[in-house]
Amino acid sequence: MIFKADILPTLAKKISHTDTAASSHWNHFHKFFSIDERLEIKNAVGFGDGRKPYSSITKILHYLLQRRYRKMVPNNSFFQKTYKNAKANSLRNSSRFSLDTLRQVLTLTYLKANGLIKNNNISLVIGDGFASMGSILLQSGVAGKVIMINLTKTLFVDVYYAMTLPELEKNNSMVLVDNENDLKMAVYDDNVKMIFVEAVNCNILNASEANLVFNIVSMQEMDMKYIRIYFDQMRKIAKKKPVHFYCCNRESKMLPDKTLVEFSSYPWKDQDKHYFDELCPWHQDYYRLIPKFYVPYDGPIIHRFTKLST
Ligand SMILES: C[S@@+](CC[C@H](N)C(=O)[O-])C[C@H]1O[C@@H](n2cnc3c(N)ncnc32)[C@H](O)[C@@H]1O
């Protein structure tokens with residue numbers, strides 16, 4: 001098990017390796033990823049809608065253009081607190097409060113407001129970005145512990161951003177694991193709050209006991225082989241305890257190698273219980289600072305909240 005101070009140096013040694021868990025989409029974008037000798041991120045193209053902080057003028061424009069998305073969930077105390085935390089996290093990392101980050105807040109608020117999630121879960125985030133979801137899961141109390149799995153290069157970025165969280169100040173609060181035994185130990189250790197796993201080790205996840213899983217616009221860019229492994233791992237846990245899965249992905253997407261990834265072809269089962277299954281309101285378009293401002297994505301994005309059968 002590798003503790004906080006040693007995680008980035010450990011992952012940095014693998015940055016130049018080809019990631020066998022990466023689809024053609026991620027093999028393409030990872031070509032541009034680079035870090036320097038101080039382990040600072042130099043380039044992360046394709047990892048989301050950018051991280052450079054907004055200038056004071058554009059900040060106001062972004063705030064106004066994000067208004068239509070903020071209105072999509074109730075403006076309750078959970079939303080206000082989580083929104084504030086997510087903004088503070090961006091500020092602490094000198095990064096922008098992007099639409100991608102806002103969407104994580106909207107997702108949790110929507111699930112909470114509909115009474116679908118309680119607190120103190122063991123959460124698994126498959127393919128986070130800048131640790132935005134993992135961070136607010138911990139800060140809101142929805143998760144007492146978060147397991148973060150990602151491709152090695154993107155995991156480096158998740159770790160880099162998570163390291164500044166006040167909740168993860170101690171060296172034993174975050175760990176990197178690569179086998180089932182260490183994962184089990186980390187889950188049972190109350191000091192450990194965030195556990196990182198490289199996607200190449202995804203077949204250990206059944207040892208995580210995660211009961212609340214998130215996948216947001218990430219399976220849509222994965223090879224089917226890995227989508228199947230993630231479902232298998234979740235269903236193994238579901239044999240021991242109820243597992244709820246929030247899945248938000250494009251109805252279908254063509255990857256650069258012409259692989260078609262379709263939401264309906266994920267290994268769902270007839271016995272799975274869907275609490276909702278609809279177009280995700282905050283994921284149908286994005287905005288730009290130039291007219292016509294709001295631009296639809298190339299296809300619909302569905303979100304589904306499911307109690308997985310075994
Ligand atoms: C478009 S980004 C989405 C980031 C974030 N979830 C969001 O809502 O903005 C897709 C994410 O999926 C991750 N990813 C791609 N293939 C993966 C795999 N096989 N296992 C885990 N994560 C993967 C990428 O590294 C990236 O972090």
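Positions are given from 1 along the sequence. Just follow the structure's listing: the first ligand is 1, and inside any ligand the first atom is 1. Side-chain atoms are counted along with the backbone in the values below, which use heavy atoms only and exclude waters and symmetry mates.
- Through direct or relayed side-chain contacts under 4.5 Å between Ile, Leu, Val, Met, Phe, Trp and Tyr, Leu91 connects to no other residue.
- Counting heavy-atom neighbours within 6.0 Å of Lys225 NZ, excluding the residue itself, gives a total of 12 or less.
- Considering backbone and side-chain N/O of Trp26, none are found under 3.5 Å from N/O of ligand 1.
- Residue-ligand proximity, Thr154 to ligand 1, at heavy-atom distances under 4.0 Å covers atoms 25 (O), 27 (O).
- Numbered from 1 in the order shown, with element, the atoms of ligand 1 that lie under 4.0 Å from a heavy atom of Ala21 read 19 (N).
- Within ligand 1, the atoms closer than 4.0 Å to a non-hydrogen atom of Met222 are 16 (N), 17 (C), 18 (C), 19 (N), 20 (N), 21 (C), 22 (N), 23 (C), numbered from 1 in the order shown.
- Applying the 6.0 Å contact sphere to NZ of Lys269 captures more than 12 heavy atoms from other residues, nucleotides or ligands.
- Cluster partners of Leu260 are Met254, counting Ile, Leu, Val, Met, Phe, Trp and Tyr whose side-chain heavy atoms approach within less than 4.5 Å, directly or via other members.
- In this structure, Arg235 pairs ionically with Asp272, as a charged nitrogen and a carboxylate oxygen lie closer than 4.0 Å.
- Open room surrounds CD on Glu169; 12 or fewer heavy atoms of other groups in view lie less than 6.0 Å from it.
- Here the shortest heavy-atom distance to atom 7 (C) of ligand 1, taken over Gln104, His283, Glu198, Lys153, belongs to Gln104.
- Here Ile216 has heavy atoms under 4.0 Å from ligand 1 in both its backbone and its side chain.
- Considering backbone and side-chain N/O of Tyr226, none are found under 3.5 Å from N/O of ligand 1.
- The shortest N or O to N or O distance between Gly127 and ligand 1 is below 3.5 Å.
- Remark: ligand 1 and Glu221 share no N or O pair separated by less than 3.5 Å (distance only, no angle test).
- A heavy-atom separation below 4.0 Å is not found between Phe214 and ligand 1.
- Below 3.5 Å of separation, one finds an N or O of Tyr230 facing an N or O of ligand 1.
- Salt-bridge annotation for Asp36 and Arg38: present, with a side-chain N of the basic residue lying under 4.0 Å from a carboxylate O of the acidic one.
- Using modelled atom types, one finds no donor on one side chain facing an acceptor on the other under 3.5 Å when comparing His303 with Tyr110.
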